[in-house]
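Note that these values count all heavy atoms, side chains included, but never hydrogens, waters or copies made by symmetry. So that the names make sense, note that chain A is the first sequence line, chain B the second, and so on, each numbered from 1. Here the structure is a predicted model, which means the values were calculated and not measured.
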Amino acid sequence: MDKQVRVRFAPSPTGALHIGGARTAYFNWLFARKNQGVFVLRIDDTDRARSTEESYRQILDSFQWLGIDWDEGPDCGGPYAPYRQSERTEIYRSHLQKLIAEDKVYPCFCSAEQLQADRDEAAREGRPPRYSGRCRNLSPEERARRLSVGDPHVYRLRTDGGGETVVHDLIRGDVVFQNSEIDDFIVWKADDSPTYHFASCVDDLAMQITHVIRAEEHLSNTPRHVALFEAFAAEPPVFAHVPMILAPDRSKLSKRHGATSVSEYRDMGILPEALVNYLLLLGFSPGDDREIVDRETAIELFSLDRVAKHAAVYDVKKLEWLNAHYFRAQSPDVVIDQIWKQIVHLGYVAPDEVDRHVLAWLRTVVEFVQTRSRGTADLIEGMRPYFEPVTTYDEKGVRKQFSDKATPERLRAVAQRLAGVAPFTAPVIESSFRALIDELGLKAGQLIHPVRLALTGVTVGPGLFDVIAMLGREETCERLATAANRIDAGTIAAQ
RNA sequence: GGCCCCAUGGUCAAGUGGUUAAGACACCGCCCUUUCACGGCGGUAACGCGGGUUCGAAUCCCGCUGGGGUCACCA
């Protein structure tokens, strides 16, 4: 019987959660859920200078929003607590002591400046920038002496330099590294804290992590990690390095590439379902041609051997398409909840609105506009004509729909006809409207389009008779009159 | 620069020696229709290059080119 699967995602709280990190976390989560395993959230905040509490909160928020939950973590605890590296220093220290006792690590007194100079020289001479080994073979006496006088020092792992290390990667197969490529790297910093490599391996060991699923940027570091596990006489976990997500110019993702963090997409109105679906498809294929894959289906389908090997360039257009799909599938009530703060801010509704007529009408407007929106931004833009007076008219629309000299008189005719329509519902409006079209000897579009423009200021939107019904008789007639007057007065072209 | 990974349309991505080389987004056209969106139908568009292996290579091997990563007292 195999051990229980335990995976982890270990972000460092030095910024927002990136979509690359989110995808890696999602893959870990899917793998855990698929294999009845445990998903651990660990905070790698060994970099005290750059880690912030705000980033920590933001990362947790982003995961919650995405619908990715964890079984063990800093907020909910677990059998291997604590889950923040900054609170595990003593655990690292005891592991370091063990390695010191076994002479598997040694103190190095080289200064950062000295090491930099070494690297510069190596670069000039075209040699690989590896540690010289200057402090590797100090005599015990010398070591003890410098330690006792408090010389600043780090600790390095004593690597043997021979043979090769094979990383068994579930996505890439066996990757072979010559051990001569690996120098005596630092595991403990001069400020008396562990390096990332050290803390990460100690935690993966202590937390019984069985599979390390992480970004490809760590593949080159993996032989170091394997060396560390060997120093602890432990079996390394199974590795799987997922490809990176690249910006549209094929460079590494950074702020200058626009939205790269989960929170930015949330602020843009992207739904978590859409983002998670998109991230899944970026680097993973279900094998068939389905594109819409929700979390539950993804759990069923997920398998590391269907994860791509090559980096992917993200494409916001496809994300938006997915978002449109999920957005339209929502009930208007859910949508209203999502946009409530914004429409309150715009003054479309009172923050404490309770009038059922107002709410029912709002629901109707949302219902009609939602079906042709890709997200909340579109929706709110499309709702505008029903909440704000029309002050400008679409320029191209004006040229096309208001150019006929008869337009003002036709708009007035419509207003006059509609003034007598009751009940003021779409079907009744439509029959009356179409009768007028016949009387005027026009084609439907000849009257419908100018009226839409006069009523909403734009050339797109729900069916005209629904628009008229939503605006109501009084408002409709008023807007028609206003438009007619402004055409006559020539105050539209100026817009 | 050394080492490591990768390489199918603009983007995502099926494909594991024999296919007319899927599908999706985007783009274009047509249909539906009072507009837009949705939906339906159709179209443009790909195996980076060069050598092998093989009766036969997108698929296997080598080289090259290109992209990415890593070599920190960052993670």
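Taking atom CG on Asp315(A) and atom C1' on rC27(B), their separation rounds to 12 Å, with Å as the unit. When the P atom of rC6(B) is taken as reference, atom CG of Leu246(A) falls 15 Å away, rounded to whole Å. One interatomic measurement links the two molecules: CD of Glu217(A) to P of rC6(B), which rounds to 17 Å at whole-angstrom precision. Residue Asp289(A) contributes atom CG, which lies 8 Å from atom C1' of rA24(B) at whole-angstrom precision. Between the CZ atom of Arg372(A) and the P atom of rU33(B) there is a distance of 15 Å, rounded to whole Å. We find that CD of Glu291(A) is positioned 11 Å from P of rA14(B), with the value rounded to whole Å. A straight line from CG of Asp249(A) to P of rG10(B) spans 17 Å, rounded to a whole angstrom. Counting to the nearest Å, the C1' atom of rC36(B) and the CG atom of Asp466(A) are 14 Å from each other.
For rC73(B), neither phosphate oxygen OP1 nor OP2 lies less than 4.0 angstrom from any side-chain nitrogen or oxygen of Thr195(A). Contact annotation: Arg434(A) reaches the phosphate of rU34(B) (side-chain N/O to OP1 or OP2, under 4.0 Å). Regarding contacts with the backbone of rC27(B), every side-chain N or O of Lys318(A) stays at 4.0 angstrom or more from both OP1 and OP2. For Lys309(A) and rG68(B), the shortest distance from a side-chain N or O to OP1 or OP2 is not below 4.0 Å. Look at His449(A) and you won't find any side-chain N or O under 4.0 angstrom from OP1 or OP2 of rC36(B).
rA57(B): no Watson-Crick or G-U partner with both key distances under 3.5 Å is found in any strand. Pairing for rG66(B) is with rC6(B), a Watson-Crick or G-U wobble pair whose two hydrogen-bonding atom distances lie under 3.5 Å. Base pairing of rA75(B) is not made with any nucleotide, judged by Watson-Crick or G-U wobble geometry with both donor-acceptor distances under 3.5 Å. With a 3.5 Å ceiling on both atom-pair distances, the Watson-Crick or G-U wobble partner of rC30(B) is rG40(B). The partner of rU20(B) cannot be assigned: no Watson-Crick or G-U wobble pair with both contacts below 3.5 Å exists in any strand. Pairing for rA13(B) is absent, with no Watson-Crick or G-U wobble pair whose two atom distances lie under 3.5 Å.
Between Glu181(A) and Arg130(A) a salt bridge is recorded (basic side-chain N to carboxylate O distance below 4.0 Å). With respect to Arg412(A) and Glu409(A), no salt bridge is recorded, no charged nitrogen being found less than 4.0 Å from a carboxylate O. For Arg57(A) and Glu54(A), the salt-bridge test fails: no basic side-chain N is under 4.0 Å from an acidic carboxylate O.
Nucleic acid contact class of Asp44(A) (heavy atoms, under 4.0 Å, all strands): sugar-phosphate only. Glu216(A) comes within contact range of at least one nucleobase, with a heavy-atom separation under 4.0 Å. Residue Thr222(A) is classed as having no contact, given no heavy-atom separation below 4.0 Å to the nucleic acid. Backbone-only contact: Val175(A) has heavy atoms under 4.0 Å from sugar-phosphate atoms and none from a base. Using a 4.0 Å heavy-atom criterion, one finds that Leu219(A) contacts the sugar-phosphate atoms exclusively. As judged by a 4.0 angstrom heavy-atom cut-off over every strand, Lys252(A) is placed among residues touching the sugar-phosphate backbone only. At a threshold of 4.0 angstrom between heavy atoms, the contacts of His218(A) include nucleobase atoms, whether or not backbone atoms are also involved. Counting non-hydrogen atoms under 4.0 angstrom, Arg306(A) reaches the backbone sugars and phosphates but no base. Among the protein residues, Phe185(A) comes within range of no part of the nucleic acid, since none of its heavy atoms lies under 4.0 Å from any strand. Residue Arg290(A) is classed as having no contact, given no heavy-atom separation below 4.0 Å to the nucleic acid. Counting non-hydrogen atoms under 4.0 angstrom, Gly382(A) reaches nothing in the nucleic acid. Counting non-hydrogen atoms under 4.0 angstrom, Ser285(A) reaches the backbone sugars and phosphates but no base. Here Ala190(A) lies in heavy-atom contact (under 4.0 Å) with a base. Across all strands, Ser12(A) comes closer than 4.0 Å only to sugar-phosphate atoms, never to a base (heavy-atom distances).
Separation of the Phe9(A) and Phe63(A) ring centroids falls under the 6.0 Å cut-off.
Look at the P atom in both rC55(B) and rU70(B): the space between them is 45 Å, to the nearest Å. Taking the P atoms as reference points, rA7(B) lies 16 Å from rA58(B), given to the whole Å. For rU54(B) and rG18(B), the C1' atoms lie 12 Å apart once the distance is rounded to whole Å. Rounded to whole Å, the C1' atom of rU59(B) lies 10 Å from the corresponding atom of rC47(B). The gap from the P atom of rC5(B) to that of rA57(B) amounts to 27 Å, rounded to the nearest Å. Separating the C1' atom of rU11(B) from that of rC71(B) is a span of 32 Å, rounded to the nearest Å. The C1' atoms of rU8(B) and rA14(B) are separated by 10 Å, rounded to the nearest whole Å.
With RNA chain B read from its 5' end, the first of the two nearest nucleotides for Ser251(A) and Arg130(A) is the one closest to Ser251(A). Heavy-atom distances to RNA chain B give each of Cys108(A) and Phe284(A) a nearest nucleotide, and the one nearer the 5′ end belongs to Phe284(A).
Taking only side-chain atoms of Ile186(A), from C-beta outward, the nucleotide of rU34(B), rC4(B), rA72(B) with the closest atom is rA72(B).
Interatomic distance, CG of Leu279(A) versus CG of Leu66(A), reported as 7.5 Å (0.5 Å rounding).
The minimum heavy-atom distance between Tyr92(A) and Pro194(A), with the atom names listed, is CD1-CG, 3.5 Å. For Ala215(A) against His241(A), the heavy-atom pair with the smallest separation is O-CD2, 3.4 Å.
Applying the 3.5 Å distance criterion, the base of rC5(B) shares no donor-acceptor pair with the side chain of Arg172(A). If you check distances only, the side chain of Asp288(A) never reaches the base of rA24(B) with a donor-acceptor pair under 3.5 Å.
Shown are Asp44(A), Asp203(A), Asp45(A); of these, the salt bridge (charged side-chain N to carboxylate O under 4.0 Å, His left out) with Arg84(A) is made only by Asp45(A).
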Evaluate Lys317(A) against Glu320(A) for salt bridge (charged side-chain N to carboxylate O under 4.0 Å, His left out), listing each step before the verdict. CA-CA 5 Å; Lys317(A) 282 286 192 344; Glu320(A) 286 170 349; 5.6 Å; no

